[in-house]
Amino acid sequence: MSVPDAPAANRPRRPLIQKYLAALFIAVVVPLLANGISEAWFGYRDQRVMLGQRLRSEAQSAAGKIQGFLDDITDQLRWTVQLPWREGTDEQHRFDVLRLMSQAPAVVDVMLIDGSGRERLHVSRVNPDIVNSRVDHSQDPAVIGARASRLWYGPVTLYGGSEPHLAIAVAGPRAANGVTLAVINLKLIWDVISSIHVGQSGDAFVLDGAGRLVAHPDISLVLRGDDDPAAARLRELQQAMTAAGEDTTEGINAEHRPVIAAMAPISGPGWAAFVEEPAAEAFAPIRAALWRTGLLLLLGAVFAAGLGYLLACRMVGPIRLLGQGAERIGAGRFDQKIEITTGDELQDLAQRFNEMAVELALSQERSERIARLKRFLAPQVAELVEGSDQEKLLDSHRAEVVVIFCDLRGFTSFAGRAGAEEVMGLVQEYYEALGGIITRHEATLTCFMGDGLMLLLNAPVPCPAPALRGLQMAVEMQAAMQSVVSSWRARGHEIGFGVGLAKGPATVGRIGYEGRSDYTAIGNVVNLASRICAAAADGQILIDQAAAAEIGDAYPLTPLGTRPLRGFSEAVPVFSVAAASPAGAVLHAAG
Amino acid sequence: MTILRRTILAASALPLLRAGALAQSSKTYRVGLVSIGPPESGILSPGMIQNFAKRGYVEGRNIEFERRAAQGKPERLPGFIDELVAKPVDVIVTSSYPAAAAAKERGGKIPIVVINSGDPVATGLAASLAHPGSNITGVSEIATELSAKRLALLKEAVPSVRAVAVLWNADDFGMTLRYQAAEVEAKRAGMLIVPLGVHAPDDFDTAFSEMTKQPPDAILMVTDILTILNRKRVIDFAREHRLPAIYEYARLVRDGGLMSYGPDEAGIADRAAGLADRILKGANPADLPLELPSRFQLAVNLQTAKTLDLTIPEAILVRADDVVE
């Protein structure tokens, strides 16, 4: 849809298109935004809760695996305390230990202590075996602890300041079975811890009760000892969780990456298993949801803008067309129609505009026609003719008409003498005196010729008793002119006024050419009236016989006998109105 | 083909080309492997290539190995290190103390991963296990103590043993420490040590004649490159003279030795590759703690026992990880 720009001066300050855009934009974007924000918020909360749950269960599973690693060793250690120490069972006990050590590679050192707390056997992977040293261990915390609860976990110690080891002591069901104290190389938990994967790239680690890193997929971190900053960061994660009373937290891991971590206790040795997942990865679904919402918002906004623009165009386009149509009508160009096919109220409106244009065109045409008619018809006659079947009335036809000529006497010599302004002033005065009378009597003015006038009666609109009517008009004209003439004479202008009236058949109709047409009569009667007028003296009204016959007694006429008239072979009988002034007075009284 | 299609194809091929360019331009790591031993064994064996391969390094694509075998001639080691520095390599993996020492002395700042070099803290290669502190990390050995353990195991396998001849490279301070540990244990266990320190391959004949003159009850061979290169002669001599013998590594048992006890060699080589990998990925060797061997292998060759008319007691067999039958 092409919308021609309105002239800048006419451009509205707040165009419809802007309002539409704003309204649709708000209508689409605000609900989307509200929905997006609420969805993002609730989604984030749900995801966060789910993430916490998932990591918690991962942490519990990791704790279970670490505990399982220790439990496997503990179970095997228990075999070594199944039998009580008696004479001759030393070899049996020794085999139990050797088998244990071949089964459990993490066990690096085993000490068997008998019921009285004496060391009976010490097997190491590095040092020679020591048999029956009988060293008293009865006051060792390990022995006391194992005797109290059958299972004792020692603190984690670092071999050479690096490799973490754990002492575990188990006691037999009877005191006589003694206690087995084993040292576990915790480096071998690496197999367990490195097999735990959380999400895509998350992993697990273990801190002991003192916050020392016991197990981590990066074995180097474990081996760095107590003062390592990486392990300190992991301790901070633990402290953050403990401080908040939560079992998940966000923080920085050993590799300086932001992570979400969860913690689960490993009850046996009093350690804690942790799982960590990179925050970027853990929040990926949340971020994806936010992106989706954002994208939806953007699409919604674009859609709203597009829709608003389209609708506004559909609205504004026809409105501009209507505006242009109105401008054309204002300029009087009714020929062009407004083409709107939107099928809605705007189309109806355009239809109305078009109809209005047609009616205006008709009306203008009519008023133009009336204006044209008024050139030769009295205004009221013109209205009448226009209202009627005027074409027929104005058609050429033969009719019995009354023709009246009148002109000024001595005008030609006056015009030769006087200045142009004086001449025109006088002519103006002359026509003003006659105009009103002619109009009142509904005579048809066929033409002006300087100081002369030709009037018709009974054409184009027929009237009863046209001769009488014409006569009455002539009397009034003569009366009016006489007062005018007397004032002219007072100014020294010897000018008179004469009227000639004849009745007879003539051809009437419009003559002329495109845009310039007059109504006129053609026939002998016209010549006659003209000649009679020429014969009339100042203040005189002369009538031919036909007119006089029609008037009869209706008006007092004086036969003047025949007069020879130029262009007529025989002398023509003429009549004059008896007394102008009294007759005028009578007529005035009668009118 | 329309221009449009061509453009689309070109556009879709672009990322592939970029990825290709990246793979092309991605670094090819150079790793120097320096052993005092023979080629094709220890860190120069195909097993070491495997250790790197399982960490994503494919020889010829993103890793190149510079293998150097001194074949028992420590004087060649400094030259090797100079060659590697000239390349230069990204990391040097050394096997044996002389190789480690040469790398430390001449390797400049190139990271070094050492194995089979005794205790790097004791020898001054590193500050501590947890924080090596310089450009050297690797796997430490619990080698000294293990000599006593071997003597004890030998005694347990063959209880009648009393006099044990100890063969060791007397030029190597680390090996001498191992000999001394055996001496202490012998004293404690009431045994007698026949010291047979060697300096050169020729010395083995002297040692053999010593043992022929005054036969010991058994042999303990402290394993270094000198003794490794002459292992065949020792194993043959032991079989000939029906002498039980204990070595350090399982491969000597597979070569016909009676028994061995020591850290798992393959495991140590694997850890060396693991540490080298970390260094190639940007880790600072000073921050990579020295590791200790975590698994030990007891190997017994029952065929050899049979030729010696020995019955290996159950207490040994129950803990044997590798039994050659």
Side-chain angles (χ1 to χ4, degrees), chain A residues 90-110 121-131 133 158-165 184-191 194 212-213 216-231 254-255, chain B residues 119 121-122 126-132 137 140-156 181-182 184-186 188-189 261-264 267 271 274-275 278-279 283-298 313-321:
Chain A
D90 291 24
E91 200 60 11
Q92 181 65 50
H93 277 106
R94 184 156 183 262
F95 268 91
D96 287 342
V97 171
L98 296 180
R99 264 200 299 273
L100 160 71
M101 290 184 78
S102 73
Q103 288 301 305
V107 177
V108 296
D109 197 293
V110 178
L121 179 65
H122 189 176
V123 179
S124 158
R125 290 193 190 271
V126 176
N127 297 307
D129 300 352
I130 298 166
V131 182
S133 72
L158 299 185
Y159 179 87
S162 172
E163 306 220 339
H165 286 72
I184 314 296
N185 184 355
L186 294 177
K187 215 164 71 169
L188 279 84
I189 296 185
W190 186 84
D191 290 338
S194 63
R212 176 181 289 144
L213 187 61
H216 194 283
D218 179 358
I219 192 72
S220 297
L221 292 182
V222 177
L223 300 181
R224 275 185 211 164
D226 280 337
D227 52 351
D228 190 58
E255 288 91 15
Chain B
D119 180 348
V121 178
S128 72
L129 290 177
H131 300 283
T137 186
S140 175
E141 284 185 307
I142 313 175
T144 311
E145 298 93 317
L146 285 178
S147 285
K149 181 75 182 171
R150 285 184 194 107
L151 204 59
L153 285 167
L154 184 61
K155 172 81 175 165
E156 190 170 356
V184 171
E185 169 63 11
R188 188 190 71 81
Y261 186 70
D264 169 28
R271 285 312 307 149
L275 289 166
R278 291 290 304 272
I279 290 167
N284 180 0
D287 292 338
L288 293 176
L290 283 160
E291 297 183 18
L292 292 171
S294 46
R295 285 169 208 260
F296 298 91
Q297 278 187 321
L298 174 62
E314 273 302 302
I316 291 293
L317 291 178
V318 78
R319 62 174 108 173
D321 305 281

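Just the heavy atoms: all of them, side chains too, but no hydrogens, waters or symmetry mates, feed the values below. A note on names: the letters A, B, ... follow the listed sequences, proteins ahead of strands, and every chain is numbered from 1. Since we're looking at a predicted model, the values are computed, not measured.
Contacts of B:L151 with chain A are absent, with no heavy-atom separation under 4.5 Å from either backbone or side chain. Heavy atoms of B:E156 lying under 4.5 Å from chain A belong exclusively to its side chain. A:N127 touches chain B through backbone and side chain together, each having a heavy atom under 4.5 Å away. Contact of B:E185 with chain A is made through the side chain alone, with heavy-atom distances under 4.5 Å. Contacts of B:R295 with chain A are made by side-chain atoms alone, with heavy-atom separations under 4.5 Å and no backbone atom involved. Contacts between B:S294 and chain A at a heavy-atom distance below 4.5 Å involve backbone atoms as well as side-chain atoms. Proximity to chain A (any heavy atom under 4.5 Å) is restricted, for B:R188, to the side chain, taken from C-beta onward. Interface remark: A:D129 contributes backbone and side-chain atoms alike to the contact with chain B (heavy atom separation under 4.5 Å).
Between B:L290 and B:S128, the closest side-chain pair of non-hydrogen atoms is not below 4.5 Å. The side-chain heavy atoms of A:L158 and A:R212, taken from C-beta on, include a pair separated by under 4.5 Å.
Note on ring orientation: taking the six-membered ring where Trp is involved, the planes of B:F296 and B:Y261 are parallel (angle under 30°, cut-offs 30° and 60°).
Residue A:F95 qualifies as enclosed at atom CZ: its count of foreign heavy atoms under 6.0 Å is above 12.
If you tally non-hydrogen atom pairs under 4.5 Å between each of B:D321, B:D287, B:L153, B:L288 and chain A, the highest count goes to B:D287. Of the listed residues (A:G161, A:A230, A:S124, A:G225), the one with the most heavy-atom contacts under 4.5 Å to chain B is A:S124. Listed options A:R94, A:E91, A:R99 were ranked by heavy-atom pairs under 4.5 angstrom with chain B; first place goes to A:R94. Heavy-atom pairs under 4.5 Å with chain B were tallied for A:P128, A:S102, A:S220; the largest tally goes to A:P128.
Checked by atom type and distance alone, the side chain of B:H131 never pairs as donor or acceptor with a backbone atom of B:L129 at under 3.5 Å. Counting only distance, with no hydrogens or angles, the side chain of A:K187 and the backbone of B:L292 share a donor-acceptor pair below 3.5 Å.
Evaluated for a side chain to side chain contact (heavy atoms under 4.5 Å, CB included) with A:L213, the options A:D228, A:L223, A:L221 yield exactly one hit, A:L221.
A:H122 and A:D109 share a side-chain donor-acceptor pair at under 3.5 Å.
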